Amino acid sequence: MEHSNWLQAALVYLGAAVIAVPLAKRFGLGSIIGYLAAGIAIGPFGLGLVSDTQSILHIAEFGVVLMLFLIGLELEPPRLWALRRPIFGWGTAQLLGCAVALAGVGVMLGAPGPMALIAALGLALSSTAVALQVMQERHLLPTPGGQAGFAILLFQDVAAIPILAIIPLLGTRVQSGGQPWLEAAKAVAVIVGIIVVGRLLLRHALRWIARSRSTEIFTAASLALVVGIASLMQAVGLSMALGAFLGGVLLAESEYKRELETDVEPFKGLLLGLFFMAVGMSMDFDALWADWALVLGLLAGFLVLKGAVLWALATAVKVPLAERPVLVLLLAQGGEFAFVVFQQAEAAQILSPRHSVLLVGTVALSMLVTPLLLVAVDRFVLPRFARLAQAASAGSAHALAEPQEAPVIIAGFGRYGQVVGRLLYANGLKATVLDHDAEQVELLRKFGFRVHYGDATRLDLLRLAGAAHARVLVLAIDDVEQSLRLAEVVREHFPQVKLVARARNVQHYYALRDRGVDLIERETLDAALMSGRSVLTELGWHPHHARKMAQRFRRHLVEQVERMHPHHRDEEALVSMAKQGRQQLEELFAQERETLSSQRERGWDGA
């Protein structure tokens with residue numbers, strides 16, 4: 001296929017992904033396996049539909065850059081502090097233990113020091129995407145093994161940054177014996193500059209862009225931010241992924257964090273999928289077949305070495321025996337970052353093209369065989385520990401838990417939502433707040449509210465805000481159409497969430513009821529009734545009588561609106577019922593006035 005014919009190329013990539021990924025997930029193999037298989041199928045060693053794999057691999061690398069940006073966004077200091085011991089304790093032990101074991105074997109086999117080090121560090125990493133997906137599907141994250149795996153994977157994601165950063169330094173030393181300390185000083189200077197400028201300007205720039213209230217412009221700004229920082233890092237010879245990670249960390253506590261995540265996530269998913277396809281296309285099966293014995297030896301050797309270190313670590317941190325096989329297998333496989341490590345190591349001439357092909361092929365094969373090994377573990381290993389697994393599940397409540405989202409989400413934090421939020425806050429309850437007004441978000445954060453900038457009607461933003469685990473969502477959006485759309489999204493995707501809504505008027509009330517919302521308050525009703533009570537009091541009514549009449553009037557209106565709801569699309573029926581209701585109300589109040597008059601004549605003032 002000609003490189004210039006990008007339209008046909010895009011059709012081939014998308015078509016292959018659309019076919020292979022659903023099939024892979026249908027058989028429980030995961031989306032990454034589907035992307036790799038799609039790449040192999042359309043690549044030079046498959047159907048030959050794509051030949052220029054290196055060009056597409058360079059483009060697809062940006063998926064890894066976006067992935068690092070999102071990882072940086074998740075690393076809030078409070079979360080890191082809560083998980084500090086498992087992350088930096090277990091994570092460090094796993095990475096160093098596996099790297100030392102693998103590098104030691106490499107040196108024993110005659111590999112040069114830098115080559116053995118980089119190869120060992122790349123092979124020591126695991127696939128975050130595959131492991132977390134399997135643990136979520138198997139509901140393992142709340143268990144001790146799942147929490148240990150989560151901590152190790154999080155540390156690996158962070159550790160991938162310095163691993164990528166040291167490759168140019170080792171490569172400089174290998175190529176020209178240059179000045180690695182000068183290169184390191186330059187890297188530190190650029191990183192410090194990005195941090196300082198980012199702290200001073202990034203949030204202000206995003207606030208200015210958010211005021212435009214243009215979703216597509218904010219999306220463009222999100223991508224421009226990542227591309228700009230990555231380009232700056234690349235211009236000085238550092239990793240683009242490192243720059244993206246720094247940008248994410250700088251915005252981890254920003255009010256725009258959730259909106260940035262939802263804007264970048266679709267591009268990350270597509271480009272990361274393209275990256276895996278490119279890896280599949282670039283696998284040199286001729287070279288792998290020529291050294292098939294060496295490839296199988298590498299595959300078996302690094303899986304066994306990593307598995308032994310991981311089993312020892314799982315024993316030391318007291319992961320239940322029934323959970324260890326799956327945990328060890330998921331973390332023993334190679335990871336997506338290894339592809340980037342080996343590719344950059346080849347560019348820095350630390351690895352030869354032959355060694356890079358062998359290592360990339362070995363990692364890809366490990367990811368391909370892991371689902372098959374999981375099937376074998378499920379069938380032959382786990383049944384022997386069924387009782388232990390049940391006991392571990394019962395005791396999982398004591399496991400270290402990732403910080404949970406608040407049980408209440410408030411969508412819209414204007415004059416209505418603020419009152420609800422302040423009431424909850426005064427009673428010791430915290431809520432996750434979503435609002436699309438940049439100035440309002442900035443102001444409320446100064447008062448200590450946890451407010452995030454974003455469009456609450458977006459499904460991906462609701463998921464990130466914790467709607468899957470929330471109990472109540474307060475629908476306080478000013479715009480009627482947006483509030484109705486949000487009600488539909490929540491009812492469809494989060495049926496366990498109880499909606500508490502405000503209605504701008506009766507028509508809005510009926511539309512909310514049509515969407516299954518039953519806890520609705522009309523925003524001006526109570527305020528108007530309070531004013532009416534004040535008018536009656538100023539005209540000489542006793543406060544008790546005024547309050548009583550207002551309460552009865554409110555009850556009558558609420559009951560009447562609810563009775564009229566089934567007929568709200570029939571204008572003739574509505575008019576008839578409204579006239580009937582007004583007549584009943586007049587009769588009711590006439591009786592009340594007669595009762596009050598007789599009470600006054602008897603000298604009772606109602607106090």
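Start at 1 with the first residue, then count along the sequence. Note that the structure is a prediction, hence the values are computed from the model and not measured.
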Practice problem: Over all heavy atoms of both residues, which pair between Val497 and Ala470 is shortest? Give the atoms and the distance, please. | Solution: CG2-O, 3.5 Å
Self-check item: Side chain proximity check, Ile409 to Val474, heavy atoms < 4.5 angstrom
Solution: no
Quiz item: Considering all heavy atoms of both residues, which atom of Ala476 and which atom of Gly412 are nearest to each other, and what is their separation?
Solution: CB-O, 3.5 Å
Quiz item: Got a second to check how far Leu14's CG is from Ile19's CD1, nearest 0.5 Å?
Solution: 11.0 Å
Quiz prompt | Residue of the set Leu519, Leu499, Val517, Val480 for which side chain to side chain contact (heavy atoms under 4.5 Å, CB included) holds with Leu512 | solution = Val517
Exercise. Measure the spacing between CD of Glu488 and CZ of Arg485 and express it to the nearest 0.5 Å.
Key: 8.5 Å
Exercise. Under the salt bridge (Lys or Arg N to Asp or Glu O under 4.0 Å) rule, collect the residues that match up with Arg554, sequence neighbours excluded.
Key: Glu521, Asp526
Exercise. Drop me the distance from Arg422's CZ to Phe413's CZ, to the nearest 0.5 angstrom.
Key: 9.0 Å
Quiz item: Taking all non-hydrogen atoms of both residues, which atom of Ala148 and which atom of Leu327 are closest, and how far apart?
Solution: CB-CD2, 4.5 Å
Quiz item: Just how far is it from atom CD of Gln496 to atom NE2 of His469, taken to the nearest 0.5 Å?
Solution: 8.5 Å
Self-check item: Residues in salt bridge (Lys or Arg N to Asp or Glu O under 4.0 Å) contact with Asp478, at least two apart in sequence or another chain
Solution: Arg502
Self-check item: Step-by-step side-chain contact (heavy atoms from CB on, under 4.5 Å) determination, Leu429 to Val408
Solution: CA-CA 9 Å; Leu429 299 173; Val408 179; over 6 Å; no
Practice problem: Provide the closest heavy-atom pair for Arg515 versus Arg491 in the form atom of the first, atom of the second, distance. | Solution: O-CG, 3.4 Å
Self-check item: Main-chain N/O of Ser127 paired with Gln156 side-chain donor or acceptor, under 3.5 Å
Solution: no
Quiz item: Counting N and O atoms only, with roles assigned by atom type, does the side chain of Asn505 sit under 3.5 Å from a partner on the main chain of Gln507, one being a donor and the other an acceptor?
Solution: yes
Quiz item: For Arg471, does the CZ atom have more than 12 heavy-atom neighbours from other residues, nucleotides or ligands under 6.0 Å away?
Solution: no
Quiz prompt | Nearest non-hydrogen partners of Thr537 and Ala546, listed with the distance | solution = OG1-CB, 3.8 Å
Exercise. Locate the shortest heavy-atom distance separating Ala456 from Leu486; write the atom from each residue and the value.
Key: O-CD1, 3.2 Å
Exercise. For side-chain contact (heavy atoms from CB on, under 4.5 Å), just list the numbers for Ser483 and His508, CA-CA rounded to whole Å, side-chain angles, deciding distance to a tenth of an Å, and then say yes or no.
Key: CA-CA 9 Å; Ser483 71; His508 189 196; 2.8 Å; yes
Quiz item: Partners of Glu481 by salt bridge (Lys or Arg N to Asp or Glu O under 4.0 Å), sequence neighbours excluded?
Solution: none
Exercise. Could you walk me through whether Lys498 and Asp518 pass side-chain contact (heavy atoms from CB on, under 4.5 Å), step by step?
Key: CA-CA 9 Å; Lys498 193 70 174 179; Asp518 50 19; 3.5 Å; yes
Quiz item: Rounded to the nearest 0.5 Å, how far apart are CG of Leu539 and OG of Ser534?
Solution: 11.0 Å
Quiz prompt | CZ-CG distance between Arg547 and Leu529, expressed to the nearest 0.5 angstrom | solution = 13.5 Å
Self-check item: Non-hydrogen side-chain atoms of Leu462 and Leu473 separated by less than 4.5 Å
Solution: yes
Practice problem: Assess whether side-chain contact (heavy atoms from CB on, under 4.5 Å) is satisfied between Ile410 and Leu424, documenting all intermediate values. | Solution: CA-CA 11 Å; Ile410 301 178; Leu424 296 176; 4.3 Å; yes
